[in-house]
Protein chains: 4
Amino acid sequence: MAGATTLLTSQSLSLGSPTLSDIAPPRQRRKEARPQELLDAALDLFAEKGFAATRSEEVAARAGVAKGTLYLYYPSKEELLKAVIQQRLSSEIAAAAAQAASYPGPTEDLMKEVLADWWIKVFDSPTSAVFKLIITEVRNFPEIAEFYVREVVEPGKQLVGRIVQRGIERGEFRPVDVPTAVLSLILPMIMLCLHKHSIGACAPALNEVDPHAFIRQHVQLVLQGLRR
Amino acid sequence: MAGATTLLTSQSLSLGSPTLSDIAPPRQRRKEARPQELLDAALDLFAEKGFAATRSEEVAARAGVAKGTLYLYYPSKEELLKAVIQQRLSSEIAAAAAQAASYPGPTEDLMKEVLADWWIKVFDSPTSAVFKLIITEVRNFPEIAEFYVREVVEPGKQLVGRIVQRGIERGEFRPVDVPTAVLSLILPMIMLCLHKHSIGACAPALNEVDPHAFIRQHVQLVLQGLRR
Amino acid sequence: MAGATTLLTSQSLSLGSPTLSDIAPPRQRRKEARPQELLDAALDLFAEKGFAATRSEEVAARAGVAKGTLYLYYPSKEELLKAVIQQRLSSEIAAAAAQAASYPGPTEDLMKEVLADWWIKVFDSPTSAVFKLIITEVRNFPEIAEFYVREVVEPGKQLVGRIVQRGIERGEFRPVDVPTAVLSLILPMIMLCLHKHSIGACAPALNEVDPHAFIRQHVQLVLQGLRR
Amino acid sequence: MAGATTLLTSQSLSLGSPTLSDIAPPRQRRKEARPQELLDAALDLFAEKGFAATRSEEVAARAGVAKGTLYLYYPSKEELLKAVIQQRLSSEIAAAAAQAASYPGPTEDLMKEVLADWWIKVFDSPTSAVFKLIITEVRNFPEIAEFYVREVVEPGKQLVGRIVQRGIERGEFRPVDVPTAVLSLILPMIMLCLHKHSIGACAPALNEVDPHAFIRQHVQLVLQGLRR
DNA sequence: AATGAATGAGGCTTCATTCAT
DNA sequence: TATGAATGAAGCCTCATTCAT
């Protein structure tokens, strides 16, 4: 779960299938890019078809390499899954941690800013797919749950919770139950990520609602409920 | 039950999930119950491990029959999946449709009542698992999306949307964007269903928040935001 | 290593490839004969080509079943190997143990009889192949060594050693080193088993010497050397 | 060395195990030694794990070179096997042939000397492993059998056989069957070589008997049986 | 209707071999 | 010459499905 991922540094936000169009020799093309290409391909496919239904050869093919090459970088499909999740979330961690610290203005604005930042960073990037992956695979790989809760859920709840708390303390918000408010704000964001990679990907029916617009309005609506 | 099943393409109903409504001699009780037992076992396992990772023998075993017996009722694992989803959702449909029609009181109360009714009916029942199943499997079986959107999503959005609309028209709610408000209300409910069958099943960390309490407060909070 | 072998009782001495010529339905032919048929096929092939070079499908094919059927009886190729060795040697054990006890005549005759009995039982039967299997595979599966030494080597050395001892005590043999004499008697027998399943099977060059005649004369020769 | 290599069919010598006899500048010492290092590593590993179970990368690693380098010296793993066997046995051949010719003393002493010389040369050297290799691999590579029988077995039997014959003719030995006596003398020696590289390498149980002491006593015992 | 032994296509993984550097 | 990344054929094993009982 750890080893192979230390190689990966730059985290491309490309939407998957790595470009093979560059003029480069087919072999030895760029060894140091391989792991990230494989992780991207794997995230795409695992999120699309599910871990079990994705053949490792498909992952390799989408990354532009042969079946065997995958195993030069990850010792098994399962380790690949863990690496995919870990690598994507590792970048999440600590990202938003600091920013809320010394905000001077109204809490509503702070909240909007923090959530919007996170949303921008996540929804349009492949990271949005990780949430689907986690929802679908945790019960088969409980180690993932532990990691996810510790590294993403808890820090996230803390962050948003502290902002709500600030609002209450400054008299901007009513004295609501903090955890509840946090979930009210965040759950729809996660849900939209899941939607994007499931029903949203086959039935454009619901796409009449623009996700970014919705989240903005949703946050607005909940903040309205918190006000005074 | 038969009438509502025209959706899942031609093959899906080839076997016709057997009706339990016939008056049958008590000694055949067990045989009559088989299909439902198989569907229940399948829903459980599919939601837990995913469709691809669930062996059909496991389903049979959990239903208390032998491997071959499963195939007497459903011609393939895939048909079983479709039957599972369809059968669960068929009962959802039309249920809540009528109740909103002639409610006299304040819209807030109507909304709370409708959502609470639905929530009670869904969250603690196996039906909550269907949402996970849909999220995880639609992209592999697009017929499911079609069925789900038409029979569940659209009616649901309509129902809640009409209530929001009523609130606006009666001057109880601010003139918000209706689809947005609907999603703000509903997405956390779906999300909690998903959570229950994924992270909630392995990491009790988040279970500190009671789902029923949360939903009550969430609805309250959003309604607060809609008010005036 | 244990489980599956308890089913097997009668130990056929057929030279491998089980007769499929009996009129019997292809499926469900004789479930209880399967394990022995698979063990026989496996012993044959493992001794011929080596464990690693034998494909499990070959074993199945020689036993007259399909690839997958093998795995209904043995959970892996490695377990099959262990079962093969264990089952063959289990019959060895305790066989010769008792017979030497109360022999009245000259020690030379006793020795000839005991060795001839064992030789007859082993050399012309598939059991002779087990020795090759052990020689070739112990270093890859050290558990086998333990079992073999404990169950076959030690009892065998004890048995022959006691007879040599008896000869010495009765003044029939010279006071030689007992373990040495034992090995002088036995090693050529093992070696002939190995030969039979290696060079003897491809280059009939050495087959000018009849194994049975040789062993008789070899024992005679060594006993001659022990005399007085 | 080149002269004796006509045996292993056409392909076997395609690369021609490089001669070390050329006078070469010292800085190429390492390069010159490569083939022998590879052969030694291969013999070790093939004898330990079997040909099929040994990865060619392991051989390269043990010889201290990279995977690809192996293929600069031997065109395939199979050719490497043949080269290993051939090179080891080529040195065996003709060695002992001459020494028996003009021995003046008693035949027993001649025999002891010839066998002891051979034993010393073989048992403690890597050559002892070749016997295991031959036993385990002949049936997969029948060319080996041909070569081995012609170049090792037959000359060896001739040599020892002539000595036995000499003993009979000089009235020192009883008129026994010569081939039988030869095998009685030699088979335990081969068996001890096999043992050293199989059970002897994992279960030190049997190592209580010193091989050198045993062989001395074994020869003594058989000669005793031949006497008069 | 129910069983479970049998099948064999298909997926994961290994490793001999190649080849660009 | 030497390397080791890459390949893909081939082997182990699983499991959806069949079918004789």
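Protein chains get the first letters and strands the later ones, always in sequence-line order, with residue 1 at the start of each. Since this is a predicted model, take the numbers as computed values, not measurements.
- For the pair C:Glu58 CD and F:dC12 C1', the interatomic distance rounds to 13 Å; values are reported in whole Å.
- When rounded to the nearest whole Å, the span between CG of B:Leu70 and P of E:dA2 equals 12 Å.
- Closest to the side chain of A:Arg55, out of E:dT3, E:dG11, E:dA6, is E:dG11.
- Each of D:Ser76 and B:Gly68 was matched to the nucleotide of DNA chain E holding its nearest heavy atom; the match closer to the 5' end belongs to B:Gly68.
- Here E:dT14 sits opposite F:dA9 as a Watson-Crick or G-U wobble pair (both hydrogen-bonding atom distances under 3.5 Å).
- Place D:Glu57 and C:Thr69 on DNA chain E by their nearest nucleotides, and C:Thr69 ends up nearer the 5' end.
- Here the OG1 atom belonging to D:Thr69 is positioned 6.5 Å from the CZ atom belonging to D:Arg34, to the nearest 0.5 angstrom.
- Atom CD1 of D:Ile85 is separated from atom CG of D:Leu39 by 11.0 Å, given to the nearest 0.5 angstrom.
- B:Asn140 CG to B:Glu78 CD: the interatomic distance, rounded to the nearest 0.5 Å, is 9.0 Å.
- Of the candidate nucleotides F:dA16, E:dT7, F:dT1, E:dT7 has the atom lying nearest to any side-chain atom of C:Ala66.
- Here F:dT17 presents its C1' atom at 14 Å from CG of C:Leu72, a figure rounded to the nearest Å.
- In this structure, F:dT14 and E:dA9 make a Watson-Crick or G-U wobble pair, each of the two defining distances being under 3.5 angstrom.
- In this structure, F:dA20 and E:dT3 make a Watson-Crick or G-U wobble pair, each of the two defining distances being under 3.5 angstrom.
- Expressed to the nearest 0.5 Å, how far CG of D:Asp40 lies from CZ of D:Arg88 amounts to 5.0 Å.
- The nucleotide whose nearest atom lies closest to any side-chain atom of B:Arg34 is, among E:dT17, E:dA2, F:dA16, E:dA2.
- We find the CD-OG1 distance between C:Glu137 and D:Thr136 to be 8.5 Å, quoted to the nearest 0.5 Å.
- Residue A:Lys67 is in base contact, counting any heavy-atom pair closer than 4.0 Å across all strands shown.
- Of the candidates E:dT7, E:dT13, F:dT17, E:dT13 carries the atom nearest the A:Lys77 side chain, counting heavy atoms from C-beta on.
- As rounded to whole Å, 14 Å separates atom P of F:dG11 from atom CG of C:Leu45.
- Rounded to an integer number of Å, the gap from CG of A:Leu80 to P of E:dT13 is 10 Å.
- In this structure, A:Tyr71 atom OH and E:dC12 atom P are separated by 6 Å, rounded to whole Å.
- Sorted by residue number, the list of members of residues 46-54 of chain A with any non-hydrogen atom under 4.0 Å from DNA chain F is empty.
- Nucleic acid contact class of D:Ser56 (heavy atoms, under 4.0 Å, all strands): base.
- At least one donor-acceptor pair under 3.5 Å links the side chain of C:Lys132 to the backbone N or O of C:Ala47.
- At whole-Å resolution of the value, CG in A:Leu38 and P in F:dT7 are 10 Å apart.
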